[in-house]
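Counting convention: from 1, in listed order, for ligands and their atoms alike. The residues of the chain are indexed from 1 along the displayed sequence.
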Amino acid sequence: MKRSLIAIQDFSVEELQELMDTANDIIANPSGYSELCRGKKIATLFFEPSTRTRLSFEAAMLELGGAVIGFSEAQSSSAAKGESVADTAKVISCYADIIAMRHPKEGAPLVAAMNASIPVINAGDGGHNHPTQTLADLLTIYREKGRLGNLTVGICGDLKFGRTVHSLIAALSRYEGIRFVLISPEELKLPSYVKKEILKANNIPYVQTTDLEAVMPELDILYMTRVQRERFFNEEDYLRLKDSYILTPERLYNAKKDLCIMHPLPRVNEISVAIDDDPRACYFKQVLYGKYMRMALILKLLKEAGTL
Ligand code: CP
């Protein structure tokens with residue numbers, strides 16, 4: 001049966017574990033996977049800029065032996081002539097076996113999934129969700145910490161517009177012993193709907209603060225995020241808030257020795273490059289793990305659709 005990934009909640013905890021197990025097996029035995037998608041195509045439909053997500057989907061399919069079609073900006077597609085997302089999904093279903101779609105409008109990949117006859121993967125929809133970034137994040141935490149529960153997770157920066165944050169909170173809230181420390185300027189606090197529907201609904205402990213330094217010693221994970229310039233209504237507010245948090249080696253003075261520092265990237269100014277060589281910096285590993293999780297995801301969705 002055709003199945004899509006629109007929000008991380010579409011997968012059970014058992015399925016997330018299955019994806020991580022597959023990704024770990026691909027890492028250990030890449031040649032065993034190099035022909036599994038021979039003759040299959042992924043369409044990457046990116047209506048918004050991307051480096052990691054689009055290219056990692058493409059690398060993932062190529063490493064599985066498949067092929068790639070697609071576009072990297074709305075202007076080079078017939079969306080520029082007024083074609084709807086629904087029609088685009090129907091058309092691409094005639095050409096490809098699976099779609100990865102990024103769109104600035106919340107809900108666009110869901111509309112695509114409702115109209116496509118092939119699986120659709122949400123590769124980021126507006127300020128809403130980014131479930132495949134969460135797959136990368138989960139594998140990073142699992143490999144670095146050896147567990148996904150019993151962790152104090154600090155999330156810092158733009159918690160309002162940061163779609164990776166919303167998906168990560170939804171995913172981690174399903175594991176035992178998770179506690180969130182939400183660090184942001186007042187104007188960029190986590191949206192009320194995420195607090196109500198995920199944190200409060202599941203009795204997940206959390207605190208909100210503006211002070212990163214004060215909470216640093218408690219953290220097992222520090223997930224830094226970029227202030228999302230493209231979602232701001234005025235440039236003045238962006239300029240005032242963009243450098244609210246800049247992580248430097250000095251600011252880690254009271255951090256745990258085994259802190260795991262993450263960032264979905266791209267970074268602008270949130271983490272000094274001087275931290276890149278710190279063994280606690282995990283953000284480039286996150287990029288690599290994202291490719292393996294997308295390989296595992298493509299295999300799962302194509303198998304369930306009966307295409308493999
Ligand atoms: N993390 C992430 O979504 O990066 P890109 O915007 O480059 O895809």
Side-chain angles (χ1 to χ4, degrees), residues 5-8 19 23 42-63 68 70-77 98-106 108-109 112 120-141 143-144 153 155-172 221-232 238 242 245 247 260-271 273 276 281-298:
L5 173 61
I6 303 302
I8 198 71
L19 287 170
I42 188 168
T44 52
L45 312 183
F46 276 62
F47 296 85
E48 251 195 357
S50 168
T51 295
R52 272 149 297 276
T53 312
R54 183 171 68 84
L55 296 179
S56 67
F57 267 116
E58 296 187 359
M61 191 48 137
L62 293 170
E63 289 185 29
V68 176
F71 51 81
S72 59
E73 52 180 337
Q75 280 311 107
S76 65
S77 78
I98 188 165
I99 291 171
M101 174 186 279
R102 171 169 291 186
H103 203 286
K105 283 202 182 134
E106 286 84 0
V120 175
I121 300 167
N122 178 3
D125 62 329
H128 195 213
N129 280 317
H130 194 347
T132 66
Q133 179 62 49
T134 302
L135 296 181
D137 300 343
L138 291 179
L139 185 63
T140 306
I141 296 171
R143 286 180 68 100
E144 290 299 311
V153 181
I155 307 184
C156 178
D158 184 349
L159 311 190
K160 180 178 180 184
F161 296 118
R163 57 193 174 196
T164 64
V165 170
H166 307 156
S167 293
L168 182 62
I169 288 175
L172 285 177
I221 308 283
L222 173 56
Y223 193 95
M224 297 295 291
T225 64
R226 170 180 71 91
V227 175
Q228 305 271 305
R229 181 181 206 155
E230 62 275 34
R231 317 255 178 250
F232 272 73
Y238 169 73
K242 73 182 176 68
Y245 301 98
L247 196 63
C260 174
I261 303 168
M262 300 175 67
H263 191 309
L265 305 180
R267 76 173 145 189
V268 181
N269 228 2
E270 308 79 50
I271 302 181
V273 292
D276 293 0
C282 295
Y283 30 93
F284 290 112
K285 288 184 200 168
Q286 232 173 310
V287 173
L288 185 61
Y289 295 152
K291 181 185 70 175
Y292 294 118
M293 284 301 266
R294 290 180 177 109
M295 290 172 79
L297 175 65
I298 290 168

Q) Which residue supplies the protein heavy atom nearest to atom 6 (O) of ligand 1, what is that atom called, and how far is it? A)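 Here the nearest protein heavy atom works out to R102 NH1, 2.9 Å.
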
### Message
Starting from atom 4 (O) of ligand 1, what is the nearest protein heavy atom, named by residue and atom, and what distance separates them?
### Response
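For atom 4 (O) of ligand 1, the nearest protein heavy atom is R52 NE, 3.0 Å.
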
Quiz item: Could you state the interatomic distance from OG1 (T44) to CD1 (I98), rounded to the nearest 0.5 Å?
Solution: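 Atom-to-atom, T44:OG1 and I98:CD1 are 12.0 Å apart.
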
How many angstroms lie between atom CE of M262 and atom SG of C282, to the nearest 0.5 angstrom?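 Taking CE in M262 and SG in C282, the distance rounds to 7.0 Å.
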
Can a donor-acceptor pair be found, under 3.5 Å and without considering hydrogens, that links the side chain of T225 to the backbone of D158?
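At least one qualifying donor-acceptor pair exists.
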
Short question: side chain of R226, backbone of E270 - any donor-acceptor pair under 3.5 Å?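 Side chain of R226 to backbone of E270: no pair is present.
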
Give the atoms of ligand 1, by number and element, whose distance to some non-hydrogen atom of [X] is under 4.0 Å.
| X | result |
| --- | --- |
| P264 | 1 (N) |
| T51 | 5 (P), 7 (O), 8 (O) |
| H130 | 2 (C), 3 (O) |

* To do: Determine, for F57 and R294, whether the Lys NZ or Arg CZ falls below 6.0 Å from the six-membered ring centre while staying within 45 degrees of the axis.
  =>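 Because its charged atom sits under 6.0 Å from the ring centre and within 45° of the axis, R294 does stack over F57.
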
Going by the angle between their ring planes, with limits at 30° and 60°, are H103 and F47 parallel, tilted or perpendicular?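 Because their plane-to-plane angle lies in the 30° to 60° range, the rings of H103 and F47 count as tilted.
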
Does any N or O atom in P266 lie less than 3.5 angstrom from one in ligand 1, N or O only?
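P266 vs ligand 1: no N/O contact under 3.5 Å.
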
| Got an N/O contact under 3.5 Å between R54 and ligand 1? |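 No, since none of the N or O atoms of R54 sits under 3.5 Å from an N or O of ligand 1.
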
**Asked** Among the heavy atoms of E48, does any lie under 4.0 Å from an atom of ligand 1?
**Response**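 Contact absent.
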
*Using a heavy-atom cut-off of under 4.0 Å, does the side chain or the backbone of L265 touch ligand 1, or both, or neither?*
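Just the backbone.
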
